[in-house]
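Note sheet for the following structure.
Each chain gets a letter, A, B and so on, in the order the sequences are listed, and its residues count up from 1.
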2 protein chains.
Amino acid sequence: MQTIGKLSAATGVKVPTIRYYEQVGLLPQPARTQGNQRLYDRRAVQRLSFIRHARDLGFPLDAVRELLGLADDPDRSCAAADAIARRQLHEVNARIQRLNALRDELERMLRHCACGTISECRVIEVLGSHAHCQGGHIEGADLAGD
Amino acid sequence: MQTIGKLSAATGVKVPTIRYYEQVGLLPQPARTQGNQRLYDRRAVQRLSFIRHARDLGFPLDAVRELLGLADDPDRSCAAADAIARRQLHEVNARIQRLNALRDELERMLRHCACGTISECRVIEVLGSHAHCQGGHIEGADLAGD
DNA sequence: CTTGAACCTCTAGCGACTAGAGAACCTATG
DNA sequence: CATAGGTTCTCTAGTCGCTAGAGGTTCAAG
């Protein structure tokens, strides 16, 4: 049994984040000391490590929730977990593609800049009119997320 | 002079987003009709297109603000704009690297899954203990942003 | 003159935390 | 046993870049 601080040190998850995970239902409410401080057991360490690892791999919290549910039920088919991971892989690949397009555009912009004054600055010019683009980057691309 | 709807259509920026940009000071307060509706001129179209393009390239709004300031001052050195773009390029490259590591990890996870029951599921297993990782993905990687 | 689309302001919500205030607790030392 | 200071508690608000909705006004067409 350990306090939230030790759990944080053991898993690398910050203390407020642990409390946040409890708040949103990813971690069960732990036992408490007489003084109302949280006390965690070994299972909590495991569960939190699982969450952390899934987050490191970019899974959104909802997916983590699903994966936790699956992990709690060892007799079910693994197909569901597979599907979630596969979905995440697609997400990551899509994001990589979009970022590659951005990188190309940024590099071309910078390559062509003679670095004189703003009035002849390629960076500003390219941003000002879309005509200079090679169409590499997608308009309205959803760049958000992890 | 056009209404906010036309400006939206002309630039591809949604109406609430235009109002949001005005609110945070990226767009100046436009003229108004007698009935209090916003009226935009050609310069507004240009400025908003500039913003949109920079956003498409992943620049955060603060960087867009800086770039707009530079664009307004054609006699200054282009070096500052260059630096901002270069910083953004580094950001994008870093993000690509992190995502590549994630992709590798996800792919390996999926390759090794025999797809039986959860108890032998490679996906769940890998998430449960970090021991299976090849160290490809960085712990605590900041995955957020665009 | 009426309809209905487009506009107005204002507030709240998204994801996944992070920061800070102000109070209570817990442990180690004098 | 008292006290100092580190850790923990709850609660609220802020981050980024929008997006959604409520409830009301204005404008152009028929």
Taking OP1 and OP2 of [N], is either one under 4.0 Å from a side-chain nitrogen or oxygen of [X]?
X: B/T17; N: D/dT19; answer: yes
X: B/Y21; N: D/dG17; answer: no
X: B/R19; N: C/dC8; answer: yes
X: A/T3; N: D/dT8; answer: yes

Distance check needed: [N] [atom2] versus [X] [atom1], whole Å only.
X: B/F59; N: D/dG17; atom1: CZ; atom2: C1'; value: 17 Å
X: A/K14; N: D/dT7; atom1: NZ; atom2: P; value: 16 Å
X: A/Q34; N: D/dT7; atom1: CD; atom2: C1'; value: 18 Å
X: B/Y20; N: C/dC14; atom1: OH; atom2: P; value: 17 Å
X: B/E22; N: D/dT19; atom1: CD; atom2: P; value: 17 Å
X: A/Y40; N: D/dT7; atom1: OH; atom2: P; value: 16 Å
X: A/D62; N: C/dG15; atom1: CG; atom2: P; value: 7 Å
X: A/I18; N: C/dT18; atom1: CD1; atom2: P; value: 11 Å

With nearest nucleotide decided by heavy atoms, which residue, A/L61 or B/G5, maps closer to the 5′ end of DNA chain C?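 Nearest-nucleotide comparison on DNA chain C picks B/G5.
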So, A/E105 and A/R108, do they make that salt bridge, N to O below 4.0 Å?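 Between A/R108 and A/E105 there is a salt bridge, with a charged N closer than 4.0 Å to a carboxylate O.
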Is any side-chain N of the basic residue among A/R86 and A/D82 closer than 4.0 Å to the acidic one's carboxylate O?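 Salt bridge present between A/R86 and A/D82.
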Between B/T33 and A/V15, just flag the one whose closest nucleotide in DNA chain D comes earlier from the 5' side.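 It is A/V15 whose nearest nucleotide is closer to the 5' end.
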With DNA chain D as reference, determine whether B/N36 or A/R32 sits nearer its 5' end, using the nearest nucleotide of each.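 In this pair, the answer is A/R32.
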Minimum-distance nucleotide (side-chain atoms of B/P16 versus D/dT8, D/dT19, C/dC17):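 Nearest to the side chain of B/P16 among the choices is D/dT19.
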Would you check if A/R19 and A/V15 make a side-chain contact, meaning some heavy-atom pair closer than 4.5 Å?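 With C-beta onward as the side chain, the pair touches.
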Pick one: which of B/V45, B/I18, B/L48, B/T11 meets side-chain contact (heavy atoms from CB on, under 4.5 Å) with B/Y40?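 Going through the options one by one, the only one that passes is B/I18.
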With a 4.0 Å cut-off on heavy atoms, is A/R38 in touch with a base, just the backbone sugar-phosphate, or nothing at all?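 Touches sugar-phosphate only.
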Determine whether A/I124 and B/L26 fall in the same hydrophobic cluster, where Ile, Leu, Val, Met, Phe, Trp and Tyr are linked whenever their side-chain heavy atoms lie under 4.5 Å apart.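 In one cluster: yes.
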